[in-house]
There are 2 protein chains.
Amino acid sequence: MDRIDSMRVFTRVVDRSGFAAAAREMGLSRSAVSKAVIQLEDELGAQLLRRSTRKVTPTETGLAFYERCLQILGDVDEAIASVKELQDKPTGKLRVNAPMTFGTQHLGPLVAEFMAEHIDVRVELALNDRFVDPIEEGFDLTIRIAEPQYVTSLITREIVPARRVLCAAPSYLDAASEPESPLALKEHRCLQYGYSGTASHWRLSGPDGEQTFAIDCRMWSNNGETLRAAAVHGQGIALLPTFIVGEDLQNGRLRSVLPDYPPPELSVTALYPRHRHLSAKVRLFLDLMERRFGGRPHWDLVS
Amino acid sequence: MDRIDSMRVFTRVVDRSGFAAAAREMGLSRSAVSKAVIQLEDELGAQLLRRSTRKVTPTETGLAFYERCLQILGDVDEAIASVKELQDKPTGKLRVNAPMTFGTQHLGPLVAEFMAEHIDVRVELALNDRFVDPIEEGFDLTIRIAEPQYVTSLITREIVPARRVLCAAPSYLDAASEPESPLALKEHRCLQYGYSGTASHWRLSGPDGEQTFAIDCRMWSNNGETLRAAAVHGQGIALLPTFIVGEDLQNGRLRSVLPDYPPPELSVTALYPRHRHLSAKVRLFLDLMERRFGGRPHWDLVS
DNA sequence: ACTTTTTGTATCCATATTGTCTACAATCAG
DNA sequence: CTGATTGTAGACAATATGGATACAAAAAGT
């Protein structure tokens, strides 16, 4: 038997002055209780109990050990309780890493709500668009906008699809002729996410399946917010997720372009270490994200 | 794995920041270490360690648990050490029960010697001639003068044979005619151990084997010392162990009677609880008894 | 003075549990 | 790029476990 359990059994035997009573109370057979104490005695190399058929009393050694056991078992219970507390109640620090734009636009309010709900959690929100190793840097949670099937050693949980649209300002579309086919894109001013090294084409799904279409890049940015600003100001056509341009589409600052040729869908994905046991703070944050963003997210109200 | 051992493994993994290093130091396979920690995590329902292939760091929960583990393991080690101390070094109280005469005559000096050797042992010596239940009354050691094959639930250890002799003072033997045969005993004043209810005969071994011979009891006593005194003062023939009358026989105050008809031998026997683990104080006391009394005891120098 | 009940333990035995070995993916050193 | 090292999963044999049973000792009931 586990030595900690043996100690529990032993103290119970001492408390009840008998093996049988201890066995009954602990839901064990008398054999098991007897064996546990004998094993404990053998390991210690000392007699702990003086047995007569009707009464069991600790020896001098046994009594000394009994006192120590109480102390130790108390500490063990306390340690377990403290772990369970940390595990089951949202406490401690939650370190979240997320991309800049999604973070400022949508995660900010959510973090505020989360903190209001769980006042014992301190949150550290790190926003950046470079790739980080969440384990190496000790993040509990990393939010990425990525292909759904993105593989990694981390657990990936798709919170919600990130629909993307081609869009431009009405002023731009009025001035230039609105493209009727994706082939026309290379005649348009296109606003590309990424660096100047990024390929100058977009993948779009048309009636003939997914195809790659050349574009004329007039601007590159690794930040969606700046691309949106350029688009709103009539500087061209951008391919942006609806969580950035959803509101613009609703109030007409931007208009969807080539709606029959949607780009492949991405996913708002949460990454966290491959853990068997998710701590409460992480679990609750994920739950809140799914409640707020899942299903039909608020930025996607116009289908 | 035993949870205490698991905790040891876990703390070592934290100390060394790695499973492999911990495994090497503890003489375990990496698998065993990994499984131990995983089991601990499963039982606690919490992640304790954040693993990346090259570095292992405790989680928030893990660090808290680590601190508790150090405390608990320290206490466990201390408890084990204290038991071993009590077990291996002669400490504490030694409770000895013994018959009155043997106690006063022979155990007294021995106890003194024992105490001088082991100054940390307190000795409680209870001398009485009634039968006591050593377990019920909590004696560590009970000395009895008994038939060698005396059965009991206790462990019996024969320290040394207790030879007995028929003896009387020369003055008595000169006055009355010295008996030539045990049959003559019923014409003699006999000093009997026991109470008036005790049978009035002695068992003696002659050429024809062990036989019972009637005696004429003139005195009963449950205390050998008083019988000896009566014999020395010429009041008759007593059947007494040599550890009482040995010296008297050597210096002629008493003379052996019917030496060819010796009574059955008894044994100086130590009784102690049926323990797998004998504590140091008991073991050492038994050893000292065997050293001092064993072989040819000093009271039996004249064969 | 009996029977009955209760005690602690030894033994048997099916069932779990254990730890090692091996294999593997991930990662780092050179 | 190669080779070494990491933590873990799975297979497997060895071991341990705990319940049922039996039993002697002792108390309680009759």
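Lettering of chains follows the sequences in order, A, B, ..., and the numbering in each one begins at 1.
For the residue pair B/Ser267/B/Glu158, the side-chain donor-acceptor check at 3.5 Å is satisfied.
Per the geometry, CD1 belonging to A/Ile38 stands 8 Å off C1' belonging to C/dG8, to the nearest Å. In this structure, A/Phe19 places its CZ atom 10 Å from P of C/dA10, rounding to the nearest Å. Between A/Glu41 atom CD and C/dG8 atom C1' the separation is 12 Å, expressed in whole Å. For the pair B/Leu49 CG and D/dT6 P, the computed distance is 16 Å after rounding to whole Å. With rounding to whole Å, B/Leu48 atom CG is found 15 Å from D/dG7 atom C1'.
Here B/Arg16 does not reach the OP1 or OP2 of D/dT6: none of its side-chain N or O atoms lies under 4.0 Å away. Within the structure, every side-chain polar atom (N or O) of B/Arg51 is placed at least 4.0 Å from both OP1 and OP2 of D/dT6.
Judged as a salt bridge (Lys or Arg N to Asp or Glu O under 4.0 Å), and not counting sequence neighbours, A/Arg164 has no contacts. Partners of B/Asp88 according to the salt bridge (Lys or Arg N to Asp or Glu O under 4.0 Å) rule, which considers only residues two or more places apart in sequence or in another chain, do not exist here. B/Arg203 is linked by a side chain to side chain donor-acceptor pair (under 3.5 Å) to B/Glu210, B/Thr212, counting only residues two or more places apart in sequence or in another chain. Scanning for side chain to side chain donor-acceptor pair (under 3.5 Å) contacts around B/Arg95 gives B/Glu124, with sequence neighbours left out. Scored by the side chain to side chain donor-acceptor pair (under 3.5 Å) test, A/Glu85 finds no partners at all (sequence neighbours excluded). Checked against side chain to side chain donor-acceptor pair (under 3.5 Å), B/Glu60 has the following partners two or more places apart in sequence or in another chain: A/Lys281. Applying the salt bridge (Lys or Arg N to Asp or Glu O under 4.0 Å) rule to B/Asp15 yields no partners; only residues at least two apart in sequence or on another chain are considered.
The list of ring pair (Phe, Tyr, Trp, His ring centres under 6.0 Å) pairs with a residue in residues 75-99 of chain B, not counting sequence neighbours, is empty. Evaluation of the ring pair (Phe, Tyr, Trp, His ring centres under 6.0 Å) test over residues 2-45 of chain A, restricted to residues two or more places apart or in two chains, returns A/Phe10-A/Phe65.
B/Val33 comes within 4.0 angstrom of nothing in the nucleic acid, heavy atoms only.
Comparing the helix axis at one end of the helix from C/dA1-D/dT30 to C/dG30-D/dC1 with that at the other, each defined from 5 consecutive pairs, gives an inter-axis angle of 40° (nearest 10°).
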Polar pairs (N or O, both sides) under 3.5 Å between protein and nucleotides 17-23 of chain C?
| from | atom 1 | to | atom 2 | distance (Å) |
| --- | --- | --- | --- | --- |
| C/dT18 | OP1 | B/Met1 | N | 3.0 |
| C/dG19 | N7 | B/Lys35 | NZ | 3.4 |
| C/dT20 | OP2 | B/Ser29 | N | 3.3 |
| C/dT20 | OP2 | B/Ser29 | OG | 2.7 |
| C/dT20 | O4 | B/Lys35 | NZ | 2.7 |
| C/dC21 | N4 | B/Ser31 | OG | 2.6 |

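A/Glu41 contributes a side-chain N or O that, together with a main-chain N or O of A/Leu48, makes up a donor-acceptor pair within less than 3.5 Å.
Only at 4.0 angstrom or more do the heavy atoms of residues 3-15 of chain A sit from any atom of DNA chain D, so none qualifies.
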